[in-house]
Visitor: 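Below you'll find the structure I mean.
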Protein chains: 2
Amino acid sequence: MHKKLKYICNMSSSKLLKGSLATIVLKLLEEHDKMYGYQITQRVKALTEGELTITEGALYPTLHKLEADGLLTTETQKVDNRIRKYYSLTKQGNAEVKSKVAELEEFLINLQKVLNPKLGIG
Amino acid sequence: MHKKLKYICNMSSSKLLKGSLATIVLKLLEEHDKMYGYQITQRVKALTEGELTITEGALYPTLHKLEADGLLTTETQKVDNRIRKYYSLTKQGNAEVKSKVAELEEFLINLQKVLNPKLGIG
DNA sequence: TTCATATACTTAAGTTTCTTATGCATAAGA
DNA sequence: TCTTATGCATAAGAAACTTAAGTATATGAA
């Protein structure tokens, strides 16, 4: 579809903090065994009730990089005459998810400390 | 000081997610009335027990941009023959803090939904 | 039948926001 | 004297996005 006529307003949404996308992708793949790009965008949208939108321009290059880095492998399937490229974690990818998620959560805790110093960490 | 001899390892720390720095700065200024750059770096370090480090190369351009955007004003003071450039929120800045912090927290909630769908939001 | 929307992947140009490195300057302690 | 701490500024380069364009098939509505 040509998007020349995409005059629709972009209601959503909370902006993605740069640097979190790869971790999100890895985490989803840890839970789902294998997913294709479009499915990932839909999954994120569903989990956040439409508040968080992963754009294709961000997602696909990220998937390609994770594959190039050896964290993901691919297999293509044809469904309804359309190609799906399924991604899944490699062994290395499986190890990396944990550290990436841990690192992100550590950052989030620090962010809470700065933004809301009164609250304990719990 | 010339840093040519800075061979020391950089132990720390959880990487800053791109996009959060301006919000952090605004939030700190909401609580402190006025602060200077170096003070901000030290405050963040203290609040996070040294885990989060704001680099000067990131901070100063951010402060300049927030000032250019009309969210901050400055006044300089000389202390011990060294100049301090104090930043404080403008009226507009004071309004923006709230929306920026709200937007960031909204994102964090969505991130939790994606990373840990089992946990409720509480 | 035509148009719009949904599905599905790719890539390029441009922007934002960092990191890294450099530079300047003063003060204080080893 | 050398290093560390205090204090600011800025430039080059990289990372990670946004925006926009392209390609292609399927489906439902007008």
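To find a chain, count down the sequence lines: A is the first, B the second, and so on, and within it residues start at 1.
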Visitor: Considering every strand and a 4.0 Å limit on heavy-atom distances, what is the contact class for B:Gly37: base, sugar-phosphate, or nothing?
Guide: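 Sugar-phosphate, backbone atoms only, no base.
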Visitor: Give a yes/no answer on whether the side chain of B:Lys78 brings an N or O atom under 4.0 Å of OP1 or OP2 in D:dG7.
Guide: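 The answer is no; no side-chain N or O of B:Lys78 sits under 4.0 Å from OP1 or OP2.
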Visitor: Do A:Met35 and A:Leu29 have side chains that approach each other closer than 4.5 Å (heavy atoms only, starting at C-beta)?
Guide: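 Side-chain contact under 4.5 Å: yes.
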Visitor: Within a strict 4.5 Å, meaning less than it, do heavy atoms of the A:Ile24 and A:Leu104 side chains meet?
Guide: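 Side-chain contact under 4.5 Å: no.
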Visitor: Heavy atoms, side chains only, cut-off 4.5 Å: are B:Tyr87 and B:Gln39 in contact?
Guide: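 Heavy-atom side-chain distance check fails, nothing below 4.5 Å.
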Visitor: Would you say the side chain of B:Val114 lies within less than 4.5 Å of the side chain of A:Thr48, judging by non-hydrogen atoms?
Guide: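 Result yes, sub-4.5 Å side-chain heavy-atom pair found.
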Visitor: Can you tell me if the side-chain N/O atoms of A:Asn81 get under 4.0 Å from OP1 or OP2 in D:dA26?
Guide: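 Checking A:Asn81 against D:dA26: at least one side-chain N or O falls below 4.0 Å of OP1 or OP2.
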Visitor: So if I take every side-chain heavy atom of A:Tyr60 and compare against C:dT19, C:dT10, D:dC17, which nucleotide ends up nearest?
Guide: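 That would be C:dT10.
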Visitor: List, with names and distances, any nitrogen or oxygen atoms from the protein found under 3.5 Å away from nitrogen or oxygen atoms belonging to nucleotides 28-30 of chain C.
Guide:
none

Visitor: Map B:Tyr36 and A:Gly19 onto DNA chain D by nearest heavy atom, then report which one ends up closer to the 5' terminus.
Guide: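 So the residue in question is B:Tyr36.
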Visitor: Looking only at side chains, do A:Glu67 and A:Thr73 share a donor and an acceptor under 3.5 Å apart?
Guide: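 No.
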Visitor: Which nucleotide in the list C:dC9, D:dT19, D:dT10 gets nearest to the side chain of B:His64?
Guide: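 Taking heavy atoms from C-beta onward, the closest nucleotide is D:dT10.
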Visitor: Looking at A:Tyr36, is A:Lys85 sitting on its ring face, NZ or CZ under 6.0 Å from the six-membered ring centre and within 45 degrees of the normal?
Guide: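 A:Lys85 over A:Tyr36 ring: no.
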Visitor: Between the protein and nucleotides 13-16 of chain C, which nitrogen or oxygen pairs are less than 3.5 angstrom apart?
Guide:
| from | atom 1 | to | atom 2 | distance (Å) |
| --- | --- | --- | --- | --- |
| C:dT16 | O2 | A:Lys18 | NZ | 2.9 |

Visitor: Quick check: on DNA chain D, is the nucleotide nearest A:Arg82 upstream (toward 5') of the one nearest A:Thr62, or the reverse? Name the residue that is more 5'.
Guide: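 Mapping each residue to its closest nucleotide by heavy atoms, the 5'-most match is A:Thr62.
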Visitor: Any strand is fair game: report the nucleotide pairing with D:dT27 by Watson-Crick or G-U wobble, both distances under 3.5 Å, or none.
Guide: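 The answer is C:dA4, by the H-bond criterion.
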Visitor: Which nucleotide wins on minimum distance to the side chain of B:Thr55, given the candidates C:dT26, C:dT10, C:dT19?
Guide: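 Of the options given, the side chain of B:Thr55 lies nearest C:dT19.
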Visitor: Which one, C:dC18, C:dT10, D:dT18, comes nearest to the side chain of A:Glu56?
Guide: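 Of the candidates, C:dT10 comes closest.
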Visitor: When you look at A:Lys27 and A:Glu30, which way does the salt bridge (Lys or Arg N to Asp or Glu O under 4.0 Å) test go after all the steps?
Guide: CA-CA 5 Å; A:Lys27 179 68 178 175; A:Glu30 192 187 40; 3.5 Å; yes
Visitor: Could you state the interatomic distance from CD1 (B:Ile40) to NZ (B:Lys45), rounded to the nearest 0.5 Å?
Guide: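 That separation rounds to 14.0 Å.
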